[in-house]
Engineer: 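Got a structure for you, written out below as structure tokens; questions coming shortly.
So that the names make sense, note that chain A is the first sequence line, chain B the second, and so on, each numbered from 1. Only heavy atoms go into these numbers, but all of them, side chains included; no hydrogens, no water, no symmetry mates.
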Amino acid sequence: MAPKRSSTALNSASGGGKQQNIAKFFGGKTNADSVNTPKIGAQASTSGSTGVQKKTAVASLQTSRPVAEVASATFSGREAVHAQPQLKRLRKAGTVTQTAATDAEDLADRSPSPSPRQENTTPAKSKSPAKRKSRTPAAGSPEETKATSAHPPSPAGRRPQMATSPAATDLTGSSADDEGQADRDDEAASNKRRKKAVLKAPASTAKVAGVGKSALAAAELHAKYEAGQAATWEAGAPVPFAFLAQTFTAIDATTKRTEITNILTDALRTIIATTPDDLLPTAYLLNNRVAPAHAGVELGIGDAILIKAISSVTGRNEKSIKEEAAKSGDLSSIANAAKGKQGLIGKVTANTIRSVFKTFRDIAKIEGNKSQDHKKALISKLLTASGKGSNEAGYIIRLLQGKLRIGLQEQGLLVGLAQAAFLERESAGRDTSSLAPRLEAAAQTVKQVFSECPSLDELVPALLGGPIKDLPKSVRFKPGVPIKAMLAKPTNGVTEVLDKFQDTQFTVEYKYDGERAQVHVDERGHVTIYSRNSEDMTGKYPDLAQRMPDLLAPDVKSLVVDCEAVAWDPKEGKIRPFQVLSTRKRKDVTVGSIQVQVVLFAFDCLFLNGESLLSKPLTERREALVGSMTAKPGQMEFATFKTSHDVEELGNFLNESVAAGMEGLIVKSLDSTYEPSKRSVNWLKLKKDYLEGVGDTFDVVVIGAWHGRGKRTGVYGSYLLAIYDDENEQFQTISKIGTGFSEELLKTLHGQLNEHVIDAPRTYYRWGESLVPEVWFDAQVVWEVKAADLSISPLHKAAAGLVDPTKGISIRFPRLVKTREDKSPDQATSPEQVAEMYNKQVLLSKTKGKAADDDDD
DNA sequence: GTGCATCATCCAC
DNA sequence: CTCGGACAAATTCGG
DNA sequence: CCGAATTTGTCCGAGGTGGATGATGCAC
């Protein structure tokens with residue numbers, strides 16, 4: 001064996017130091033270097049090798065940025081070592097770490113406080129003056145108020161870039177910004193070969209302007225469009241499904257965003273002008289839904305049933321359909337091809353939008369014995385009733401798959417709805433120069449409204465009923481209807497965080513590894529709980545629903561809080577890993593039968609006593625949060641957070657959080673509003689595995705692949721990966737992988753791997769029965785892959801027998817880092833290393849849970 | 001028919 | 001959940 | 001000061017592991 005040196009370059013710049021440590025850790029074991037980076041170690045107290053790793057990890061965390069810098073910081077294990085103590089020292093200095101429960105005062109006085117505030121607004125280089133300068137309220141009032149209340153209005157008059165759009169410049173006012181120390185920073189940074197620099201002031205993004213050249217061009221077209229003319233049906237008559245299919249085809253033909261929305265807008269206008277009753281079913285079809293998410297109604301259709309249906313309509317056998325679909329990457333084209341021959345048979349009446357939608361709803365209701373046959377029959381009927389042109393049958397298939405794949409999804413739909421409604425019902429105006437901003441405003445309003453009340457059942461009628469600017473009055477946030485969750489944007493290091501939040505006051509929270517839970521309490525005390533995707537989870541968490549009333553402060557009448565539900569071990573008083581939470585029953589759970597207990601970590605308050613808090617700054621929402629509930633260990637606690645601007649300290653807090661079993665941190669701007677459904681820069685997530693050169697990586701061998709679908713047609717869409725067990729001379733699968741590739745690389749790899757195709761798997765491959773790749777490869781190619789975590793796998797075989805007697809180990813969130821031309825397959829990561837990493841993770845989880853910060857002193 | 005294994009779908013991350 | 005690509009808007013750069 | 005070049009924000013669609021649930025299929 002003796003995979004010698006191999007990686008001289010391994011981890012080249014970023015991981016040099018780490019490498020040494022690993023090697024040390026594995027006591028010089030031959031291929032030690034293939035494990036690039038084990039987890040950040042457990043508590044430092046456990047000295048030894050673990051400690052060493054932790055230290056280096058810490059060091060690189062903190063710098064994170066320029067690769068070279070990291071490298072030098074970590075290059076020698078020594079240096080890294082002495083970095084550690086100071087970290088510990090710093091820990092408490094001058095900042096507050098609040099662990100749960102504590103009181104509101106504490107919170108209140110820390111946060112907004114004058115001093116930090118001005119510190120942040122003052123030096124403001126407000127580099128994005130244009131940014132929040134906001135547009136005339138036009139139709140978009142709600143965001144408006146929100147934006148301005150979040151920040152001191154700091155508009156900068158000059159620079160109304162949106163030349164022609166007067167509306168966009170209206171509101172501007174004085175400019176508060178001063179010159180450019182930002183520039184200096186930038187230069188300094190870029191001198192250090194930093195990729196790009198900085199910028200970005202705080203919250204309240206675009207929305208204000210958002211009208212560019214292409215939007216203006218579009219407005220001109222819209223001003224001229226005659227809605228009714230495209231209709232081939234009589235006013236009031238059901239709109240033929242073919243009309244929708246044609247629209248899809250047109251949209252599919254372009255990738256230009258404005259063009260897509262224009263096509264959609266025109267089509268929707270036509271429907272509004274002729275048969276407005278069909279707008280709702282149209283919207284549902286476009287939204288790939290049959291009911292609002294929280295209604296819990298699903299189609300229950302997958303490729304398997306679709307293939308059966310296609311088979312029964314075309315007479316082809318299922319297997320051939322399946323194979324062709326795998327190769328062509330598109331089931332829908334098969335249905336279309338068949339249609340090309342047949343067209344409408346006999347006296348079948350053609351599909352209409354409403355008939356298709358009605359059938360979808362019927363399908364969703366079917367359950368029980370023979371339900372699949374029943375569904376198949378309905379689908380077959382839809383297919384036979386599809387016309388010949390326009391790819392109708394294909395779109396039926398795609399709609400049922402829930403993947404239209406034409407470059408239009410929910411956000412695009414909302415824009416189309418907004419524009420169409422505005423133009424058909426209230427535009428009035430021909431002055432195109434003001435039209436563009438008004439359309440933009442309408443779109444923003446509709447998006448906002450929908451994110452606060454994601455129900456087309458409410459939105460569409462309201463859209464047809466009155467002016468868009470009145471929407472927020474009729475369709476609004478209320479307990480009992482989930483609001484779309486605000487999401488955090490990934491960042492690649494502490495320094496990036498600091499860049500983005502330069503002159504913003506921010507706070508840092510633990511990122512718990514559980515499940516998002518949006519808890520609603522209405523005026524009657526009724527509790528409902530929603531998932532990140534707005535599914536109703538109340539049936540899964542009756543225990544949470546039951547305990548809520550006891551947690552509420554006396555004067556709380558209604559409330560919506562944003563939380564993370566985390567598995568909880570009541571005996572040990574510690575949190576448990578996500579994998580445990582996922583084993584919890586989901587339906588018809590009764591409080592008495594619960595196997596996996598759960599603790600809620602609350603981190604935001606969105607609604608209190610009849611009032612929406614969305615437009616309030618985080619500081620206020622936090623006050624509301626701690627003021628409205630009382631923490632109880634093991635039941636409900638407030639997410640641990642701290643407020644600090646110090647790089648080192650942030651890095652330290654990140655490590656702390658990981659040691660406490662967290663996924664990392666969420667960094668939040670303190671004066672930002674809650675922006676539903678946005679992946680806002682106001683919330684940044686910081687996970688150790690995002691950092692370059694940090695996190696678990698593996699060197700794996702490619703032994704199989706699957707044909708890609710959709711835009712990956714013609715190349716492999718995913719690959720099967722294995723590690724190498726040199727004792728038994730086996731390649732054991734550890735994961736599939738399908739992300740981290742550029743399109744170009746995908747092509748290259750397809751060609752490269754095709755040279756290693758073999759007819760049958762090698763006898764020395766070990767894989768899961770239900771994970772048989774479509775193509776096998778001889779073990780030749782080695783890649784470096786990164787993951788967030790390791791898990792015991794029911795399918796994969798890596799390190800089988802080492803941790804679990806039969807099961808192997810797999811990885812969470814695998815992605816390609818790079819190909820490793822310099823490594824041979826026998827230098828891949830070994831089972832021992834995988835097992836070691838897994839064990840370390842478990843060990844860590846044993847000491848985690850509670851106070852992670854009581855270790856020093 | 002009942003019980004058990006497997007497949008398909010959905011949903012969390 | 002992670003990632004990359006395409007667009008459009010916003011911002012910076014260069015003449 | 002204006003147009004070109006570059007950066008940022010948004011949206012979309014490829015793809016991952018794993019567990020519960022419900023339907024189906026097979027053995028008895």
Engineer: In whole Å, I'd like the distance from the NZ atom of A:Lys370 to the P atom of D:dG25.
Structural biologist: 8 Å
Engineer: Which pairs of donor and acceptor atoms, one on a side chain in residues 735-746 of chain A, lie under 3.5 Å apart (sequence neighbours left out)?
Structural biologist:
unit_1	atom_1	unit_2	atom_2	d
A:Ser742	OG	A:Leu745	N	3.0

Engineer: Within the 4.0 Å heavy-atom criterion, would you say A:Pro490 contacts the bases, only the backbone, or no part of the nucleic acid?
Structural biologist: nothing
Engineer: Among the candidates D:dC11, C:dA9, C:dT2, find the nucleotide nearest to the side-chain atoms of A:Gln411.
Structural biologist: D:dC11
Engineer: Which of these, A:Asp513, A:Asp689, A:Asp696, sits in a salt bridge (Lys or Arg N to Asp or Glu O under 4.0 Å) with A:Arg812?
Structural biologist: A:Asp513
Engineer: What integer distance in Å separates A:Lys797:NZ from D:dT17:P?
Structural biologist: 14 Å
Engineer: Could you tell me whether the phosphate oxygens of C:dT2, OP1 or OP2, come under 4.0 Å of any side-chain nitrogen or oxygen in A:Lys685?
Structural biologist: yes
Engineer: What's the closest nucleotide to the A:Lys587 side chain, out of D:dT21, C:dA8, D:dT17?
Structural biologist: D:dT21
Engineer: Is A:Tyr690 close enough to C:dT2 that one of its side-chain N or O atoms is under 4.0 Å from OP1 or OP2 there?
Structural biologist: yes
Engineer: First contact, last contact: which nucleotides of DNA chain B are these for chain A, 5' to 3', heavy-atom distance under 4.0 Å?
Structural biologist: B:dA8 to B:dC13
Engineer: Over all strands shown, is A:Arg257 touching base, sugar-phosphate only, or nothing at heavy-atom distances under 4.0 angstrom?
Structural biologist: base
Engineer: Select base, sugar-phosphate, or nothing to describe what A:Leu746 touches, counting heavy atoms under 4.0 Å on all strands.
Structural biologist: nothing
Engineer: Would you please name every residue forming a ring pair (Phe, Tyr, Trp, His ring centres under 6.0 Å) with A:Phe360, sequence neighbours left out?
Structural biologist: none
Engineer: Measure from the side-chain heavy atoms of A:Arg712 and tell me the nearest of D:dT10, D:dG19, D:dA14.
Structural biologist: D:dA14
Engineer: From NZ of A:Lys747 over to P of C:dG5, roughly how many Å is that when rounded to an integer?
Structural biologist: 10 Å
Engineer: Rounded to whole angstroms, how far apart are CG on A:Leu790 and P on D:dT17?
Structural biologist: 13 Å
Engineer: What nucleic acid atoms does A:Leu816 come within less than 4.0 Å of, heavy atoms only: base, sugar-phosphate, or nothing?
Structural biologist: nothing
Engineer: What integer distance in Å separates A:Leu795:CG from D:dT17:P?
Structural biologist: 8 Å
Engineer: Is it true that the side chains of A:Ser311 and A:Glu318 contain a donor and an acceptor less than 3.5 Å apart?
Structural biologist: no
Engineer: Taking any heavy-atom pair under 4.0 Å as a contact, classify A:Ala215: base, sugar-phosphate, or nothing.
Structural biologist: sugar-phosphate
Engineer: Examine D:dG15: is either OP1 or OP2 under 4.0 Å from a nitrogen or oxygen in the side chain of A:Ser718? Give yes or no.
Structural biologist: no
Engineer: Touch check for A:Leu771, heavy atoms < 4.0 angstrom, all strands: base, sugar-phosphate only, or nothing?
Structural biologist: nothing
Engineer: Tell me the interatomic distance from A:Ile406, atom CD1, to D:dG13, atom C1', rounded to whole angstroms.
Structural biologist: 12 Å
Engineer: A:Glu298 or A:Gln372: which one's nearest nucleotide on DNA chain B is closer to the 5' end?
Structural biologist: A:Gln372
Engineer: Within less than 4.0 Å of OP1 or OP2 of D:dC11, is there a side-chain N or O belonging to A:Lys447?
Structural biologist: yes
Engineer: Would you say a side-chain N or O of A:Lys403 is under 4.0 Å from OP1 or OP2 of D:dC12?
Structural biologist: no
Engineer: Whether A:Arg405 contacts D:dA14 is assessed here as follows: a side-chain N or O lying under 4.0 Å from the phosphate OP1 or OP2. Is that the case?
Structural biologist: yes
Engineer: Taking atom NE2 as the centre, does A:His750 end up with more than 12 heavy-atom neighbours from other residues, nucleotides or ligands that are less than 6.0 angstrom away?
Structural biologist: yes
Engineer: Which is true for A:Lys375 with a 4.0 Å heavy-atom rule: it touches a base, it touches only sugar-phosphate, or it touches nothing?
Structural biologist: nothing
Engineer: Which is true for A:Ser793 with a 4.0 Å heavy-atom rule: it touches a base, it touches only sugar-phosphate, or it touches nothing?
Structural biologist: sugar-phosphate
Engineer: Cut-off 3.5 Å, side chains only: do A:Asn533 and A:Ser531 have a donor facing an acceptor?
Structural biologist: no
Engineer: Can you confirm whether the side chains of A:Gln444 and A:Glu440 place a donor and an acceptor under 3.5 Å from each other?
Structural biologist: yes
Engineer: Is the closest side-chain donor-acceptor distance between A:Ser332 and A:Asp330 under 3.5 Å?
Structural biologist: yes
Engineer: Nearest whole Å is fine: how far is D:dG13 P from A:Phe248 CZ?
Structural biologist: 12 Å
Engineer: Assess the pair A:Tyr719 and A:Trp706: is the distance between their ring centroids shorter than 6.0 Å?
Structural biologist: no
Engineer: Answer with base, sugar-phosphate or nothing: what part of the nucleic acid does A:Lys687 contact at a heavy-atom distance below 4.0 Å?
Structural biologist: sugar-phosphate
Engineer: Does A:Asp588 or A:Gln409 map to a spot on DNA chain D nearer the 5' end, using the closest nucleotide for each?
Structural biologist: A:Gln409
Engineer: Regarding A:Lys736, tell me which of base, sugar-phosphate or nothing describes its non-hydrogen contacts under 4.0 Å with the strands shown.
Structural biologist: sugar-phosphate
Engineer: Counting side-chain heavy atoms from CB outward, which of C:dC3, D:dA20, D:dG13 is closest to A:Thr739?
Structural biologist: C:dC3
Engineer: Charged N to carboxylate O below 4.0 Å: is that the case for A:Asp303 and A:Arg709?
Structural biologist: yes
Engineer: Distance check: side-chain N/O of A:Thr583 vs OP1/OP2 of D:dG19, anything under 4.0 Å?
Structural biologist: no
Engineer: Both A:Arg812 and A:Asp373 contact DNA chain D. Taking the nearest nucleotide for each, which residue is further toward the 5' end?
Structural biologist: A:Arg812
Engineer: Round to a whole Å and report the spacing from CG of A:Leu581 to C1' of D:dT17.
Structural biologist: 15 Å
